[in-house]
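The shown structure was predicted, so the numbers you read here are calculated from the model rather than taken from an experiment.
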Amino acid sequence: MLGSLESRKEKILVVDDEASIRRILETRLSMIGYEVVTAADGEEAIDMFHHEIPDLVVLDVMMPKLDGYGVCQELRKESDIPIIMLTALGDVADRITGLELGADDYVVKPFSPKELEARIRSVLRRVERNGTSGIPSSGVIQIGNIRIDTNKRQVYKGDERIRLTGMEFSLLELLVGKSGEAFSRSDILQEVWGYTPERHVDTRVVDVHISRLRAKLEEDPSNPELILTARGTGYLFQRITEPADEEKQKNKAV
C-alpha cells in the first residue's frame, strides 16, 4: 500500500473546447509523468473536477456552456487547487480577469507546450514547498490579529481561517520570510512562479496576487499596513519585530 501511495502520479485536468489541444496536451503531459483527464466545456469541467479530484487545472477561457471565468469562480468557492488559464493572444483584459477570479497563472495562446509544462511544474512545486529563511522554527508568525502557520500553510484573521490559494500563500511566505526587505516584481515572479518575465505585462501576475492578498488580510486594502508598496521597486511586508527585539527596545528606553 505504501509503495502505491509513493508512486501516485499527479493528476491534471485539461479543459479546452478544441479537441486538437486536448489531444496534444494529454499526450505530452502523460509522456512526462502526469495522469491527464480532459473536459470539452465548462460544465463537464466541473463534473470532472468533482469526480477526478485533480491536482491542477489547465483552463481555457473561451468555451461553450460555461466559460473559463465561470469555471474558475465555481472552483474557487470550494477549492484552492492550482489553476493555469489559457488566454487569447494580446488580450490583457482576459489575463487580468482570470487572475482576479483566483487563477494562479496564465499562458497565452498560441502557446508552446514546453512553456506550459514548465509553468505546471513550477506551480505544483511551489504550492508543495515548505520552509523559507526568516521563518521561526515553530513555523508560526503572529502579526496583530493575523496568524500565519507555515507548517500547515494556513492563515487566520482572529479566529477565522482565511482561505488562500497555494500561490497566494507562497507569495505571502516569501514576503514574510524577509519582512522589511523590498522585492521587485521580477524577483517575486522568479521566486514564486519560477520564470523570468518576457514582457512587462507578465509582472501583472504579481500585482493581482498582491491585490488579492491585501483584500483578504488587510483591514483597509486601499490603505495597506501589512503588505506595503516599495515605491519604484515592488513590494515588502512590514518589518516584523521579534519579542526579543521589543524587549531590547524597552531596556534601551529604561
Side-chain angles (χ1 to χ4, degrees), residues 5 7-129 165-168 170 189 192-195 198 202 204-205 208-209:
L5 287 174
S7 61
R8 175 187 174 275
K9 292 182 178 181
E10 291 172 305
K11 185 183 294 184
I12 297 175
L13 170 59
V14 174
V15 187
D16 200 297
D17 62 333
E18 294 185 49
S20 59
I21 290 181
R22 294 198 305 273
R23 283 196 300 270
I24 290 170
L25 293 183
E26 183 174 15
T27 299
R28 291 189 63 109
L29 294 174
S30 297
M31 287 176 61
I32 60 175
Y34 296 111
E35 181 180 349
V36 183
V37 293
T38 65
D41 61 61
E43 291 181 358
E44 185 183 6
I46 292 174
D47 289 342
M48 290 290 287
F49 173 80
H50 290 132
H51 184 260
E52 297 290 344
I53 313 177
D55 297 292
L56 181 144
V57 178
V58 176
L59 181 61
D60 187 31
V61 172
M62 301 302 295
M63 292 186 298
K65 297 184 180 180
L66 183 65
D67 66 16
Y69 299 144
V71 175
C72 188
Q73 284 181 301
E74 289 301 310
L75 296 186
R76 280 292 172 255
K77 290 178 182 177
E78 58 183 286
S79 174
D80 304 329
I81 185 172
I83 298 173
I84 298 177
M85 298 201 80
L86 304 179
T87 67
L89 177 63
D91 196 340
V92 177
D94 272 359
R95 309 177 209 178
I96 302 307
T97 299
L99 292 170
E100 289 174 340
L101 292 174
D104 295 284
D105 202 356
Y106 64 79
V107 174
V108 177
K109 284 185 171 183
F111 61 89
S112 158
K114 283 188 176 181
E115 178 187 8
L116 178 59
E117 291 162 15
R119 299 288 182 91
I120 289 171
R121 282 194 297 268
S122 178
V123 170
L124 287 174
R125 182 172 62 246
R126 187 69 207 190
V127 298
E128 292 169 357
R129 197 169 91 190
T165 68
M167 298 303 277
E168 285 172 346
S170 293
L189 200 61
V192 178
W193 280 266
Y195 62 89
E198 296 180 3
D202 289 344
R204 289 299 300 275
V205 173
V208 176
H209 274 72

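- When each of Glu35, Glu117, Glu10 is tested with Leu29 by the rule side-chain contact (heavy atoms from CB on, under 4.5 Å), just one qualifies, namely Glu117.
- From Phe111, atom CZ reaches atom CG of Leu86 across 5.0 Å, with rounding to the nearest 0.5 Å.
- Without hydrogens or angle criteria, Ser122 side chain to Ala118 main chain gives no donor-acceptor distance under 3.5 Å.
- Distance check: Leu13 CG to Ile53 CD1 gives 12.0 Å after rounding to the nearest 0.5 Å.
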If you look only at distance, which donor and acceptor atoms sit under 3.5 Å apart when one is on a side chain in residues 36-48 and the other is two or more places apart or in another chain?
unit_1, atom_1, unit_2, atom_2, d
Asp41, OD1, Glu43, N, 3.0
Asp41, OD1, Glu44, N, 2.8
Glu44, OE1, Ala40, N, 2.9

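- Tyr34 pairs by the side-chain hydrogen bond (donor to acceptor under 3.5 Å, both in side chains) definition with nothing, not counting sequence neighbours.
- The shortest side-chain heavy-atom distance between Arg204 and Ile96 falls under the 4.5 Å cut-off.
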Show your working on side chain to side chain contact (heavy atoms under 4.5 Å, CB included) between Val108 and Arg95 and close with a plain yes or no.
CA-CA 8 Å; Val108 177; Arg95 309 177 209 178; 3.7 Å; yes
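- Met167 CE to Ile84 CD1: the interatomic distance, rounded to the nearest 0.5 Å, is 8.5 Å.
- Residues passing the salt bridge (charged side-chain N to carboxylate O under 4.0 Å, His left out) test with Glu100, sequence neighbours excluded: none.
- Among residues two or more places apart in sequence or in another chain, the side-chain hydrogen bond (donor to acceptor under 3.5 Å, both in side chains) test is passed with Glu26 by none.
- Distance CD1/Ile81 to CG/Leu75: 7.0 Å, rounded to 0.5 Å.
- His50 meets the side-chain hydrogen bond (donor to acceptor under 3.5 Å, both in side chains) test with Glu78; sequence neighbours excluded.
- Partners of Glu18 by side-chain hydrogen bond (donor to acceptor under 3.5 Å, both in side chains), not counting sequence neighbours: none found.
- Closest approach of Ala103 and Met85 over heavy atoms only: CB-CG, 3.5 Å.
- Take Arg119 and apply the salt bridge (charged side-chain N to carboxylate O under 4.0 Å, His left out) test, not counting sequence neighbours, and it matches Asp105, Glu115.
- With sequence neighbours excluded, no residue forms a salt bridge (charged side-chain N to carboxylate O under 4.0 Å, His left out) with Lys114.
- Side-chain contact between Asp80 and Glu168: absent, with no pair of heavy atoms (C-beta onward) separated by less than 4.5 Å.
- For Asp202, the side-chain contact (heavy atoms from CB on, under 4.5 Å) partners at least two apart in sequence or on another chain are Tyr106, Leu189, Pro197, Glu198, Arg199.
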Can you give each donor-acceptor pair under 3.5 Å made by side-chain atoms of residues 54-65, sequence neighbours left out, with the distance rounded to 0.1 Å?
unit_1, atom_1, unit_2, atom_2, d
Asp55, OD1, Arg8, NH2, 3.3
Asp55, OD2, Arg8, NH1, 3.4
Asp55, OD2, Arg8, NH2, 2.9
Asp55, OD2, Lys11, N, 2.7
Asp60, OD1, Lys109, NZ, 3.1
Asp60, OD2, Lys109, NZ, 3.3

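- Between Val71 and Val15, the closest side-chain pair of non-hydrogen atoms is not below 4.5 Å.
- A distance of 8.5 Å separates CD in Gln73 from CG in Asp67, rounded to the nearest 0.5 Å.
- Between His209 and Val205 there is a side-chain heavy-atom pair separated by less than 4.5 Å.
- Once rounded to the nearest 0.5 Å, the distance linking OG of Ser170 with CZ of Arg125 reads 11.0 Å.
- Shown here are the side-chain contact (heavy atoms from CB on, under 4.5 Å) partners of Arg23, two or more places apart in sequence or in another chain: Ala19, Ser20.
- Applying the salt bridge (charged side-chain N to carboxylate O under 4.0 Å, His left out) rule to Arg121 yields no partners; only residues at least two apart in sequence or on another chain are considered.
- Counting only distance, with no hydrogens or angles, the side chain of Trp193 and the backbone of Asp104 share a donor-acceptor pair below 3.5 Å.
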